[in-house]
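Everything on this sheet refers to the single structure shown next.
Every chain is numbered from 1, with letters handed out A, B, ... down the list of sequences.
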Number of protein chains: 2
Amino acid sequence: MLKNFLSGNFRLKTDQLFEGLTAEEHESLMGSGVTHLYSKGEIIFREGGIPTGIFYVLSGRVKKYKATAKGGEQIFYLCSEGELLGYHALLGEEFYPDSAATIENSQITFIPKDNFLKVLRNSTELSNTLLKALGHEFSLFINSITNLATKSVRERLAFNLLILDEKFKSSVQPGIPSDINLSRTDLANMVGTAKETLVRLLQEFKRAGLIEKTDKMIRIIDRKGVIKEANLMGLNPRKM
Amino acid sequence: MLKNFLSGNFRLKTDQLFEGLTAEEHESLMGSGVTHLYSKGEIIFREGGIPTGIFYVLSGRVKKYKATAKGGEQIFYLCSEGELLGYHALLGEEFYPDSAATIENSQITFIPKDNFLKVLRNSTELSNTLLKALGHEFSLFINSITNLATKSVRERLAFNLLILDEKFKSSVQPGIPSDINLSRTDLANMVGTAKETLVRLLQEFKRAGLIEKTDKMIRIIDRKGVIKEANLMGLNPRKM
DNA sequence: CGGACAATTGAAGCCGGTCAAAACTGGTGG
DNA sequence: CCACCAGTTTTGACCGGCTTCAATTGTCCG
């Protein structure tokens with residue numbers, strides 16, 4: 001039940017997005033792509049830029065964020081292996097509303113706009129899958145908004161730790177707690193708080209035996225406890 | 001420029017959503033609908049419910065919101081005349097993630113799921129328009145998220161007043177400031193704050209000559225001033 | 001080994017939430 | 001038509017969660 005809810009925080013993987021495609025269509029998309037190696041911290045696209053294609057994350061992790069008035073950034077999503085980037089702006093026929101940057105060394109394939117749109121125009125399958133994916137994203141956004149507007153920083157931190165635990169799960173050993181690898185600053189920008197507040201809360205969580213942490217890594221060791229801190233009552237997916 | 005930005009807060013009107021349809025398709029949608037009169041405060045659908053169709057707002061206004069853990073509600077959108085409701089859940093093939101309720105007496109047409117999906121399956125036009133609309137909504141949501149996470153209540157209030165001014169604009173006299181007709185509670189739930197805080201800020205705005213207000217109505221009289229309070233620097237749409 | 005950057009800790013102060021109560025409004029029935 | 005009641009708006013007081021500023025410690029790399 002909670003599992004269902006958390007899994008709701010993942011976009012459809014590209015495998016699913018592209019699964020209705022014919023072999024030729026698939027080739028037309030992925031085959032036309034150019035794969036580029038980004039090192040940690042590189043910007044993939046920037047808010048206000050003109051979209052010229054979409055990006056497929058082959059490996060690594062990417063933060064999607066928006067610059068704030070005060071010079072910081074608000075992170076609202078983390079993309080990992082197998083996910084697509086930058087298709088919203090293309091579909092909406094707008095400038096990028098957000099920025100994307102790697103938080104790890106990553107391999108990313110660029111698929112030119114024309115190839116994507118051509119396949120999209122000819123595949124009702126892809127259209128429908130995208131509509132479904134976007135419809136689903138809607139509920140994720142409403143959740144974020146409600147969380148930000150009504151929950152304490154403490155609750156939001158706990159909640160984000162649960163999401164990150166999923167996000168950083170090893171495909172080899174999915175059973176064990178993940179090593180969450182994210183700078184304090186990025187984590188703070190994700191939770192929507194100041195670095196200092198974040199650090200203090202992490203200390204508390206550690207002292208309470210909920211997590212263990214080093215400089216660069218956080219690991220949940222008392223999952224039940226973190227869930228309790230997150231106060232997910234009423235977020236039962238059946239009730240969402 | 002600001003105008004562009006604010007207009008970004010409106011979803012595509014249904015006229016636009018349905019404009020690529022043939023006469024038969026249009027008839028199949030709207031003709032199959034049943035129009036119902038809702039009085040102020042009635043609930044149209046509820047989070048967790050099973051979607052059985054979509055709703056078209058003929059007249060009146062509808063709030064979209066999500067119940068919060070503490071028993072309140074977070075309003076994240078206001079629908080008015082000509083807008084569609086409830087299609088996200090249908091597209092995402094999920095339960096409703098949010099609730100919708102009228103804030104005025106309203107006429108709303110219900111279009112059954114099957115009719116909608118049938119037309120959707122046969123019209124690439126409609127698919128594309130919907131994809132475009134959803135892609136656009138994306139940028140609105142990340143704006144909301146960034147605003148909630150990084151702006152003060154005061155800034156958010158000013159910003160929401162500007163949105164509401166557009167939302168309540170009379171089609172007859174579009175030039176003049178709107179009479180914003182929304183209960184304090186609803187406005188507070190939209191801004192994401194407590195009633196009391198909202199009231200106090202409204203007082204300040206009034207004393208500062210930015211707005212005038214009665215019990216049930218708010219009107220912006222110093223638009224420039226409100227824009228200044230909202231601190232929109234960096235929200236230039238070109239830079240979004 | 002030094003220098004830059006990230007993480008941590010301390011202290012002060014304010015924004016905004018909460019509780020409580022008064023003022024006001026509109027609607028209803030006598 | 002007026003008095004009363006319920007709901008909404010407003011004001012007051014208090015306090016606590018977070019932000020901010022500042023300074024210290026820790027860590028990674030060239």
Q: Determine, for D98(A) against K66(A), whether the closest basic-nitrogen to carboxylate-oxygen distance falls under 4.0 angstrom.
A: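 No, D98(A) and K66(A) are not salt-bridged.
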Q: Output yes when E104(B) and K216(B) qualify as a salt bridge under the 4.0 Å nitrogen-oxygen rule, no when they do not.
A: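 Salt bridge absent between E104(B) and K216(B).
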Q: Examine dC15(C): is either OP1 or OP2 under 4.0 Å from a nitrogen or oxygen in the side chain of K151(B)? Give yes or no.
A: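 So the side-chain polar atoms of K151(B) never come under 4.0 Å of the phosphate oxygens OP1 or OP2 of dC15(C).
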Q.
With a 4.0 Å cutoff (strictly under), does any side-chain N or O of R184(A) reach OP1 or OP2 of dT8(C)?
A.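 Indeed, a polar side-chain atom of R184(A) lies that close.
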Q: With DNA chain D as reference, determine whether D215(B) or E196(A) sits nearer its 5' end, using the nearest nucleotide of each.
A: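 Counting from the 5' end, the first nearest nucleotide belongs to D215(B).
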(Q) Nearest heavy atom decides the nucleotide; on that basis, is S152(A) or K216(A) closer to the 5' end of DNA chain D? (A)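 Upstream on the strand: S152(A).
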Q: Decide if the gap between the ring center of F141(B) and the ring center of F76(A) is smaller than 6.0 angstrom.
A: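 No, too far apart.
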**Q.** Member of R61(B), K63(B), K64(B), K167(B) meeting the side chain to side chain contact (heavy atoms under 4.5 Å, CB included) criterion with C79(B)
**A.**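 Checked R61(B), K63(B), K64(B), K167(B) against C79(B); only one passes side chain to side chain contact (heavy atoms under 4.5 Å, CB included): K64(B).
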Roughly, in whole Å, what's the span from [atom1] in [X] to [atom2] in [N]?
{"X": "K213(A)", "N": "dT27(D)", "atom1": "NZ", "atom2": "P", "answer": "11 Å"}
{"X": "L202(A)", "N": "dA6(C)", "atom1": "CG", "atom2": "C1'", "answer": "14 Å"}
{"X": "L198(B)", "N": "dT9(D)", "atom1": "CG", "atom2": "P", "answer": "9 Å"}
{"X": "M217(B)", "N": "dT8(D)", "atom1": "CE", "atom2": "P", "answer": "19 Å"}
{"X": "L148(A)", "N": "dG16(C)", "atom1": "CG", "atom2": "C1'", "answer": "16 Å"}
{"X": "N181(B)", "N": "dT8(D)", "atom1": "CG", "atom2": "P", "answer": "15 Å"}
{"X": "K70(B)", "N": "dG17(D)", "atom1": "NZ", "atom2": "C1'", "answer": "12 Å"}
{"X": "I103(B)", "N": "dT8(D)", "atom1": "CD1", "atom2": "C1'", "answer": "16 Å"}

Q. NA contact type, K195(A), heavy-atom cut-off 4.0 Å: base, sugar-phosphate, or nothing?
A.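 Nothing: the residue K195(A), judged by heavy atoms under 4.0 Å, touches no strand.
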Consider the side chain of [X], meaning its heavy atoms from C-beta on, and name the nucleotide among [options] that approaches it most closely.
{"X": "T193(A)", "options": "dG16(C), dT18(C), dC18(D)", "result": "dC18(D)"}
{"X": "Q203(B)", "options": "dC18(D), dT10(D), dT19(D)", "result": "dT10(D)"}
{"X": "R200(A)", "options": "dG10(C), dC18(D), dG17(C)", "result": "dG10(C)"}

Q. Which residue, F55(A), Y56(A), Y38(A), forms the ring-ring contact (aromatic ring centres under 6.0 Å, His included) with F110(A)?
A.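 With F110(A) as partner, F55(A), Y56(A), Y38(A) yield a single ring-ring contact (aromatic ring centres under 6.0 Å, His included), made by F55(A).
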